[in-house]
Each structure stands twice: as structure tokens, then as C-alpha cells.
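Below you'll find the structure, written out as C-alpha cells, and then a few comments.
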Amino acid sequence: MPGQKFGPAWFPGLIAAGLALCGALLVYSGLRARSLWITTPEWIASRRARIGVGAFIGGLILYILVVDALGFYLTGVLVLGVWLRSLGASWRVSAIVAVVGTVVIHFAFYKGLRIPLPWGVLERFAF
Amino acid sequence: MGRAGKVRLLSAAVLSQAFALVFDPYVLWVIFASALFGLFVGAVPGLTATMATALLVPVTFFMPPVPAIASIVTATAMAIFAGDIPSCLLRMPGTPASAAYTDEAYAMTKKGQGELALGSGLWFSVLGGLFGTTVLIVAAPSLAEVALKFSSFEYFWLVVLGLASAVFLAIGNPLKGVVSLLIGLLVASVGLDNPAGFPRFTFGNAELAGGLTLIPIMIGMFAVSEILRSVTRIEQPWEMAQANIGNVLAGMWTLTKRYPAQFFRGSVLGTAIGALPGAGADIAAWMSYAVSKRFSKEPEKFGTGHVEGIIEAGASNNSALAGAWIPALVFGIPGDSITAIVIGVLYIKGLNPGPTVFMNNAPSIYAIFTVFILANLLMLPLGIAAIRAAKQMLRAPREVLLPVILLFCIVGSFAINNSIFGVVLMLAFGIVGYLMEENGFPVAPAILGMVLGAMLEESFISSMIKADGRMLAFFERPIAGTLGVLTLAVFAIPLARQLMRR
């Protein structure tokens with residue numbers, strides 16, 4: 001910004017300089033310690049953990065993408081079901097918890113706290 | 001101290017208004033429900049006190065100020081105590097604040113002293129919590145009186161001092177602490193909300209123009225990242241040690257008489273660490289445990305199931321909770337990650353932190369103090385009940401718990417602005433938070449940077465405008481000068497030490 005010594009770019013510039021410096025120092029200490037560039041965590045060896053992490057992150061992305069179209073009820077039941085199954089819950093437990101969990105959370109937030117959770121394709125049944 | 005601008009000290013009228021705010025059936029019900037919630041969250045490993053706070057924020061959104069804050073105060077106090085329960089029974093800390101003495105507590109259980117370990121965890125949590133609360137009630141209003149005279153120069157140094165202590169008190173590599181802090185400051189600089197009112201990092205996006213909303217970020221960093229971590233550990237079994245639980249308070253009076261110095265030292269250090277920005281109950285417990293071992297007459301017994309360290313660190317982590325509220329209420333500078341979230345809630349509820357809140361909203365502030373006392377007293381009976389119910393609580397199936405909590409997080413993040421962008425932020429920062437912690441970058445400095453970024457920039461720019469660009473002006477006012485020298489010393493001492501060592 002003209003006429004101003006400390007404009008809006010000054011503060012982010014300072015942060016960027018600091019990050020660059022710290023990054024360089026970390027790279028230097030990493031090189032000196034001869035540490036590996038990339039290491040995998042221990043849990044990568046466990047199939048159940050891998051499926052779980054994949055399902056949790058994938059489910060979150062899915063939720064973000066489809067909740068406005070499908071509505072909270074269908075999306076909630078879907079992602080809850082996927083997560084429950086991915087962690088090894090039985091079909092019966094997964095089905096019950098997915099439906100009951102979604103309904104309870106919907107009632108608490110939609111009715112209790114008046115949060116406008118989307119209805120999506122179920123708009124006709126909105127209450 | 002001048003007579004003008006005196007902070008309204010406690011009067012009978014304020015106190016009776018405060019009591020009326022707290023002893024209301026609805027508020028008492030909220031406190032009781034939050035207590036049960038806090039005990040459960042604290043007792044289940046992988047669910048933390050900070051997570052409890054982040055999850056409570058969307059729920060408290062539509063509550064009046066006092067019950068909203070009361071629920072957070074109560075839930076966190078209970079959670080920090082309840083973190084001791086799985087330490088004794090599973091050798092897993094329920095919250096990071098219990099990690100310092102988890103091995104010690106478990107060793108006691110193995111020796112057949114589980115009842116004593118659980119009892120002293122509870123008893124000294126209550127005493128430590130009450131100690132910290134007393135300091136809060138005495139110190140905060142008097143500090144506020146001093147803070148009334150602060151200008152942008154003093155606030156600038158306070159913020160820098162707070163950020164510095166967050167970096168240097170974090171466990172591990174301070175360089176990684178600085179990186180974490182800078183990431184936080186960078187997040188804070190997004191949007192229109194800067195002294196120039198210029199849109200930064202918005203990429204023409206309306207969602208970004210308003211800045212990044214902190215609550216979804218915190219739900220991501222403290223809840224989603226913990227959930228992901230628990231998922232990676234889903235195959236580790238929880239094996240419960242056998243403990244015969246009878247009267248958990250038996251022998252507590254003897255212990256109090258035997259180790260008064262340990263209790264006192266733990267509470268004082270805990271309150272102080274809590275009050276320092278960026279360091280909270282977990283760091284307080286580590287430090288107190290180390291101090292206890294250092295000054296003990298029987299240091300060789302530490303690690304073999306000795307109660308002394310549990311007393312000191314157990315009192316310390318609960319007193320730190322109240323200590324963290326001192327800078328949060330007086331300056332708007334959070335003392336730990338819990339109060340970093342609380343400050344946002346205070347603004348939403350119109351209780352803007354700062355010295356004037358003690359004048360303009362005295363009844364609400366004293367109501368919060370009353371809740372602190374009430375929560376710590378309530379901890380005794382509910383804590384005994386929680387210890388008795390521990391086996392049932394720890395049997396809660398993780399494969400059901402984690403998905404349901406995650407859906408709750410999604411809805412909570414959505415609810416803050418009724419926008420799916422909140423969920424996107426939550427997911428992004430959940431992954432960032434997980435990767436940071438896994439690679440040894442502490443999360444607390446980042447959170448502090450996000451909360452204090454705007455204040456840091458504003459106080460610096462307005463000071464520079466007032467001083468017409470003269471840097472020396474930052475040292476010309478007496479308090480600012482002292483704070484400035486202190487801040488520079490905090491930076492210089494570790495550097496000097498490193499140079500000496502070479």
C-alpha cells in the first residue's frame with residue numbers, strides 16, 4: 001500500500017521469512033543427522049488400521065461432496081456405517097448405530113440447536 | 001495506583017447477582033451433565049480435555065453466557081482428574097495431562113495399591129483445583145486493575161512474551177515450536193481483518209475474506225487428529241489391571257499430612273505454568289513430577305509405584321486449569337489450549353476478555369469463579385462414582401465411539417457458520433494436526449499463533465503509528481520497557497546457553 005511503511009504485506013512477509021529460515025535450519029539438522037527423507041508409521045503394517053484411516057478420511061471427503069445433494073440423513077447413515085464397518089463392528093451393530101446415531105445427532109442439532117442441516121433429496125419429508 | 005479507573009472489587013451486590021446466575025436449576029443441570037461428560041471423555045484414552053472443550057462449543061452456542069462457560073469449566077476439571085483413572089488401570093493416560101505419572105500409577109496398581117493411587121489422584125486433583133481457583137479469584141481482578149493502564153506497547157510485549165513462552169515451554173525441539181507458531185500466525189493473517197483492511201490470501205473467495213473460523217480448525221486439530229490417532233491404534237488391546245476398589249478416600253488425610261510440601265509446590269508450579277501462555281496442564285504435570293523427584297528424600301522409589309510424585313503432579317495439572325484463565329480473562333491471552341478455545345466463546349457471548357470485563361460484567365465473572373469452586377467440590381462425589389464405574393466406562397467399544405464422535409465433530413464444525421466450509425477446514429486441519437504431532441511439531445504454539453495473530457499485528461502497527469516509526473518507543477513506558485527487556489531475555493538466555501556450551 002502506498003504511503004504506508006507497514007502495510008498489509010509486511011506481517012505475512014515476516015512470517016514467510018521466518019518459515020523459510022526455520023525450514024532451512026530443519027533441513028540442515030536433518031541432513032547432519034543423516035535421517036531418512038520419509039519414514040512410514042508403524043500402524044501402516046496393520047490392515048485394520050489402514051482400512052480405518054482410509055475410510056475415515058475418505059468418508060469425510062464424501063460427506064463434504066454429497067451432503068447438500070443427498071441430505072444429512074442419508075449421508076450420515078452412509079458415512080457412519082462405513083466407519084463402523086471399517087473399524088470391525090458387526091453388520092448388526094453397524095446398522096443400528098448408524099441409524100440411531102444419525103437420528104440422535106440430527107435431533108440434537110436440528111431441533112435442539114436449530115442448525116439448518118440440509119435435507120437434500122428428503123426435502124419433501126422435512127420437519 | 002490512581003483512584004480513577006478502579007476495578008469494581010467484590011461487593012455483596014455483585015456476589016449475590018453472581019450466585020443468582022449460578023444457582024439456577026438450568027445452570028446446575030448444565031454443570032451436572034457437563035461433569036458426567038467430562039468424566040467420560042477424560043477416562044477414555046484418546047479423548048482429551050481440549051477435545052471435550054472443542055466439542056462443547058457448538059452445543060453451548062445457544063446457551064446464555066454463564067451456563068456456556070460453566071459447562072466448559074466443569075467438563076475440563078473433571079476430564080483432567082478422570083485422565084488418572086485409565087493410567088492406574090490400563091497404563092494409558094486418559095488425557096495427556098496424566099501421562100507424566102502413568103507408569104507410576106500403574107506400578108502402584110500392580111503392587112496392589114490401585115485404590116491408593118486412584119484416591120490420591122482424586123483427592124489432590126480436588127485440592128489442586130481449589131488452590132488454582134483461589135489464585136485465580138485473587139490475582140485476576142488485581143491484575144486487571146494494573147492492565148487498565150496498558151497501551152498498545154504493553155500489549156505488544158505481552159503477546160510476544162506469550163508466544164515466546166509457548167515455544168520454549170513446549171516439549172521437544174524449540175525450532176519445531178517456532179515453525180508451529182508461524183503456521184498459526186499465517187492462518188491468523190488470512191482475510192480482511194487486518195489493520196489495513198486489505199484482503200489477504202483470499203483468492204477472491206468470500207469464505208476466506210472473513211478469515212478462517214477458529215472453532216472448526218480447533219475441532220480439527222484437537223478432535224479429528226485424536227480420532228485419527230485412535231484409529232491407527234485400533235488394534236492395541238486395552239488390558240485392564242485388577243484393582244480392588246473400596247473406600248478410595250481412605251488414608252488421604254494421612255497423605256495430606258505427610259506430603260504437604262509436595263502438594264503445595266505442585267499447586268504453585270501448576271498455577272504458574274497454567275498462567276504462562278501456551279503451556280497447560282500436561283506440561284505442568286511433567287514439570288511437577290520432575291521437581292518432585294528432584295527434591296524427594298526417596299528419589300530411588302520413583303517409578304516403582306511411589307505416591308509422592310502422583311500427589312505433586314496430580315495437584316499440579318488441576319491447578320494449571322484455573323491458572324490458565326488468569327491471562328485469558330485479564331489480557332485475552334490464553335494460558336493453554338483450552339482457554340484458547342474459551343476466548344472465542346467469551347467473545348461470542350459478549351464477555352470480551354480484557355480488564356474492563358471485570359467492571360462491566362462483574363457478576364458474570366464472579367459467577368464463573370463460583371462455578372470453578374462448585375466444579376472442584378462436585379469432583380469429590382462424582383469422582384468416587386467414576387472410579388467405581390471405571391470398568392464399565394473403559395469397556396465402551398472404540399469401534400462405535402470413534403465414528404459417532406466424528407459425525408458429531410462434522411455437525412459441530414458445520415454449526416458455527418452453517419457452512420460446509422467449516423467441515424472442509426476441520427478435515428484439513430485434522431490431517432495437519434495429526435501430521436504435526438506425529439513428526440514432533442507441538443500443536444499448542446500454532447493455536448496460540450492463530451488466537452493472538454491479529455492482536456500481535458494490531459498492537460505492533462498501532463504502536464508504530466503512535467511512535468512515528470521509532471523502535472525505541474517500545475521501551476519508553478515503564479511497564480512496556482520492563483516487559484520488553486524480559487521478552488528479549490527469554491530469547492537471549494537459551495541462545496547464550498547454547499553458545500556457552502560450544
Query raised in the report: Any idea how Tyr73(A) and His106(A) line up, ring-wise: parallel (<30°), tilted (30 to 60°), or perpendicular (>60°)?
Result: tilted

Query raised in the report: For Val190(B) and Phe203(B), what are the C-alpha separation, side-chain angles and deciding distance, and is it a side-chain contact (heavy atoms from CB on, under 4.5 Å)?
Result: CA-CA 10 Å; Val190(B) 173; Phe203(B) 306 103; over 6 Å; no

Report task. Among Asn439(B), Val224(B), Asn418(B), Val424(B), single out the residue with the greatest number of heavy-atom pairs under 4.5 Å to chain A. Result -> Asn418(B)

Query raised in the report: Can you say whether Leu26(A) sits under 4.5 Å from chain B via the side chain, the backbone, both, or neither, judging by heavy atoms?
Result: both

Requested in this report: Could you look at Phe408(B) and say if it's the side chain, the backbone, both or neither that has a heavy atom under 4.5 Å from chain A?
Outcome: both

**Report entry** Engaged part of Leu186(B) at the chain A interface, taking heavy atoms whose separation is under 4.5 Å
**Finding:** both

Query raised in the report: When only pairs under 4.5 Å are counted, which of Val178(B), Leu175(B), Val59(B) shares the most heavy-atom pairs with chain A?
Result: Leu175(B)

Query raised in the report: At what distance, to the nearest 0.5 angstrom, does CD of Glu226(B) lie from CG of Leu402(B)?
Result: 10.5 Å

Report task. Find out whether Leu406(B) and Phe56(A) are in side-chain contact, i.e. whether some heavy atom of one side chain is under 4.5 Å from a heavy atom of the other. Result -> yes

Query raised in the report: Under a 4.5 Å heavy-atom cutoff, which of Val411(B), Leu427(B), Ile183(B), Leu228(B) has the most pairs with chain A?
Result: Val411(B)

Query - 4.5 Å side-chain heavy-atom contact, Arg50(A) and Arg47(A) - result: yes

Query raised in the report: Passes side-chain contact (heavy atoms from CB on, under 4.5 Å), Met218(B) versus Val451(B)? Steps please.
Result: CA-CA 11 Å; Met218(B) 296 201 185; Val451(B) 175; 3.8 Å; yes

Query raised in the report: Going by heavy atoms in the side chains, are Ile64(A) and Phe414(B) under 4.5 Å from each other?
Result: no

Requested in this report: Heavy-atom distances under 4.5 Å only: say whether Ile431(B) touches chain A with side chain, backbone, both or neither.
Outcome: side chain

Query raised in the report: Considering only heavy atoms, which portion of Val67(A) lies under 4.5 Å from any heavy atom of chain B: side chain, backbone, both, or neither?
Result: side chain

Requested in this report: Please flag which part of Arg233(B) lies under 4.5 Å from any non-hydrogen atom of chain A: side chain, backbone, both or neither.
Outcome: neither

Query raised in the report: Relative to chain A, which segment of Leu182(B) carries a heavy atom at a distance below 4.5 Å: side chain, backbone, both, or neither?
Result: both

Query raised in the report: Val53(A) versus chain B, heavy atoms under 4.5 Å apart: side chain, backbone, both or neither?
Result: both

Report summary line: If you tally heavy-atom pairs under 4.5 Å between each of Val97(A), Leu113(A), Val82(A) and chain B, the highest tally belongs to Leu113(A)

Query raised in the report: With a 4.5 angstrom heavy-atom cut-off, which part of Met63(B) approaches chain A: side chain, backbone, both or neither?
Result: neither

Query - Heavy-atom proximity to chain A below 4.5 Å, by part of Phe201(B) - result: side chain

Report summary line: Of Gly449(B), Ala415(B), Ser189(B), the largest count of non-hydrogen pairs under 4.5 angstrom with chain A goes to Ala415(B)

Report task. Counting only heavy atoms closer than 4.5 Å, note whether Pro199(B) contacts chain A via side chain, backbone, both or neither. Result -> neither

Query raised in the report: By a 4.5 Å heavy-atom criterion (distance strictly below it), what part of Ser94(A) contacts chain B: side chain, backbone, both, or neither?
Result: neither

Query raised in the report: Are side-chain heavy atoms of Met51(B) and Ile227(B) found at a separation under 4.5 Å?
Result: yes

Requested in this report: I would like to know whether Trp83(A) and Leu60(A) meet side-chain contact (heavy atoms from CB on, under 4.5 Å); could you show each step before the answer?
Outcome: CA-CA 10 Å; Trp83(A) 292 335; Leu60(A) 277 168; 4.2 Å; yes

**Report entry** Lys349(B) side chain vs Phe61(B) backbone, donor-acceptor pair below 3.5 Å
**Finding:** yes

Report task. Identify the heavy atoms of Ser34(B) and Ser71(B) that sit nearest to each other, and give their distance. Result -> OG-CB, 3.1 Å

